[in-house]
Visitor: 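Next up is a structure, given as structure tokens.
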2 protein chains.
Amino acid sequence: MPNAPQPTQNLLLDKLPPEVQERVFPYLEEIPLPLGKVLYEPGDKMRYVYFPTDCIVSLLYVMESGASAEISVVGKEGLVGISLFMGGESTSSRALVQSGGWGFRLAGHRLVDEFNRHGELMALVLRYTQALMTQMSQTAVCNRHHSIDQQLCRWLLLSLDRLPSNHLVMTQELIANMLGVRREGVTEAAGKLQDLGVIEYRRGRIEVIDRPRLEELSCECYAVVKKETDRLLNPDSSEDWFASKKPA
Amino acid sequence: MPNAPQPTQNLLLDKLPPEVQERVFPYLEEIPLPLGKVLYEPGDKMRYVYFPTDCIVSLLYVMESGASAEISVVGKEGLVGISLFMGGESTSSRALVQSGGWGFRLAGHRLVDEFNRHGELMALVLRYTQALMTQMSQTAVCNRHHSIDQQLCRWLLLSLDRLPSNHLVMTQELIANMLGVRREGVTEAAGKLQDLGVIEYRRGRIEVIDRPRLEELSCECYAVVKKETDRLLNPDSSEDWFASKKPA
DNA sequence: GGCCCTATGTATTGTGTCGTACATAACTCC
DNA sequence: GGAGTTATGTACGACACAATACATAGGGCC
């Protein structure tokens, strides 16, 4: 984990106009977000919103049986805790750090105060929320219609977009929990991708070698989410939203 | 279809404070929403929002292959066209009338104007949007983990809550399209429910006989969505939100 | 009443994933 | 370096659902 992150590494914070940044940034707290940290549980009244810079947070639902399924992921393009400004103050899902790193947190009432100014922050976080809904929708579609092989490709691509390098620190067991499938299913799918030369992995680490091929092997779900996120959050440019602040 | 619906049959419109109703209601247009009508296609810039009174609108995604999957349903508890105030102006899904009836529509700019007053309407539609997200999330979970039998129960219950009586005018083929499964799978699941005395059906019509039993047979997904919707939209009361305006 | 269209019923075969069990290999820690 | 722990590999039977094919029956329409 590189230290001393900047708030502007988070793409939402980066995009705020200077006067909003002046109001908000003094209250941001730099905070480590290690793998496995739970930002909130179902029903928890939220006290903070989190702006990831180089980590990934999964929103997932855990069933009565203990089985789980990932609903969406949040990285540097977004924020965790939308229910604070949506009005619900809690959700029925859990927010779990899936890839460790850093982020900034902001007291809930500070965010709500700025939201209530009805300015650029409000517009931005609402558009982000719509992008998140697209991701949730497509997760539902993907769970219904696509094979584990395809879903693993989608998942790797979503993760890759949110990370500064082309490797993930991640066990197959953890991926299986996210996708809501058996670990053995992930082993088999990952084995195929390795045979094809698309990824290379060792214990707890996956490196993506051939990203274009990975996109070909993925179902359409990744592209739908990516395109819609670019459209909603980066309307002025056809450029890749995630790449726009990627460190060299 | 009964005619001459009142705007207040839609629970969101009903819940608005009188002064907001006075501003908004004059611009509402009563509109028939027959089975199969498409309110918008993916990417369509929305011109109206729709407030169903006694019909059900499905938000669904249609894949390149032509296969489809329902993301969520909207009835008298909600509105169709949230992307107007979320800022995206379009979505990647299709809105299709799944059970015919009536509703009211409002020009998009009228809704946005009222939303921008930052009053009760904004708070209400944002909370509704969060409820919709819960439904989308749970659809993803349900698609991953639950059997067709369980999903059919969930789907029947979601529909029933939004309809004025205990029967649905609906072919098994249509249900299969919504759930994203084969029609034969629905036939089998419906046959089991009929054998159990939970429902009765003939060509294109399903009557729910034993709703409590249906809730028992359903997966937890229905209850999660129901409880969260009640919490978000009916915070002052522990009463059933959907039943609160149900005609006798 | 009889015809036709469409909704529903049923059967067969194939495939993907699950549940389970166990083997092997990599990394850690002493 | 060796032991223990954890991640990954592999195999086998069971099952749910898909794909396909075709039969039957309900209800509208002439």
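Order of the sequence lines sets the chain letters (A, B, ...), proteins ahead of strands, with each chain counted from 1.
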Visitor: If you assign A:R144 and A:M170 each to the DNA chain D nucleotide with the nearest heavy atom, which residue ends up on the more 5' nucleotide?
Guide: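 Checking each residue's closest nucleotide, the 5'-ward one belongs to A:M170.
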
Visitor: When you look at CD of B:E188, are more than 12 heavy atoms from neighbouring residues, nucleotides or ligands closer to it than 6.0 Å?
Guide: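 12 or below, so no.
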
Visitor: What is the separation between atom NE2 on A:H146 and atom C1' on D:dC17, rounded to the nearest whole Å?
Guide: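 In whole Å, D:dC17 C1' lies 16 Å from A:H146 NE2.
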
Visitor: Take atom CG of A:L174 and atom C1' of D:dT8, then tell me their distance rounded to the nearest Å.
Guide: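 So the two atoms are 15 Å apart, to the nearest Å.
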
Visitor: Take A:R203 and B:R183, find for each the nucleotide of DNA chain D with the closest heavy atom, and name the residue whose nucleotide sits nearer the 5' end.
Guide: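 Of the two residues, A:R203 wins.
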
Visitor: Given atom CD of A:E188 and atom P of D:dA11, what is their separation to the nearest angstrom?
Guide: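 It works out to 10 Å between those atoms.
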
Visitor: Rounding to an integer number of Å, can you tell me how far B:Q172 CD sits from D:dG26 C1'?
Guide: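 These atoms are roughly 13 Å apart.
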
Visitor: Give a yes-or-no answer on whether the side chains of A:N10 and A:Y50 include a donor-acceptor pair shorter than 3.5 Å.
Guide: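 The answer is no; no qualifying pair exists.
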
Visitor: In whole Å, what is the span from the CG atom of B:N177 to the P atom of C:dA7?
Guide: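 Roughly 11 Å, once rounded to whole Å.
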
Visitor: For B:G204, report the nucleic acid contact type (base, sugar-phosphate, nothing); a contact means any heavy atom under 4.0 Å.
Guide: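 Since only primed, P, OP1 and OP2 atoms lie under 4.0 Å of B:G204, the category is sugar-phosphate.
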
Visitor: Would you say A:V74 and A:L79 make side-chain contact, with heavy atoms under 4.5 Å?
Guide: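 No, too far: nothing below the 4.5 Å cut-off.
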
Visitor: Are B:Y40 and B:L96 packed together at the side-chain level, in the sense that at least one heavy-atom pair is separated by less than 4.5 angstrom?
Guide: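 The answer is no, as the side chains (C-beta and beyond) never meet within the 4.5 Å cut-off.
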
Visitor: Which nucleotide in the set C:dT10, C:dC27, C:dT17 lies at the smallest distance from any side-chain heavy atom of A:R202?
Guide: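 Nucleotide nearest to A:R202's side chain: C:dC27.
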
Visitor: Round to a whole Å and report the spacing from OH of A:Y201 to P of C:dC27.
Guide: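 Going from OH in A:Y201 over to P in C:dC27 covers 13 Å.
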
Visitor: From CD of B:E173 over to P of C:dT6, roughly how many Å is that when rounded to an integer?
Guide: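 About 12 Å, once rounded to whole Å.
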
Visitor: Could one point to a donor on the side chain of B:R182 or the base of D:dA19 with an acceptor on the other under 3.5 Å away?
Guide: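 Donor-acceptor pair under 3.5 Å: yes.
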
Visitor: Please report, rounded to the nearest Å, how far the C1' atom of D:dC15 is from the CD1 atom of B:I148.
Guide: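 Answer to the nearest Å: 13 Å.
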
Visitor: Decide whether B:W102 and B:Q9 meet the rule of one side-chain donor and one side-chain acceptor closer than 3.5 Å.
Guide: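 B:W102 vs B:Q9: no donor-acceptor pair found between side chains.
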
Visitor: Report which part of the nucleic acid A:E184 touches: base, sugar-phosphate, or nothing (heavy-atom distance under 4.0 Å, all strands).
Guide: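 It contacts base atoms.
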
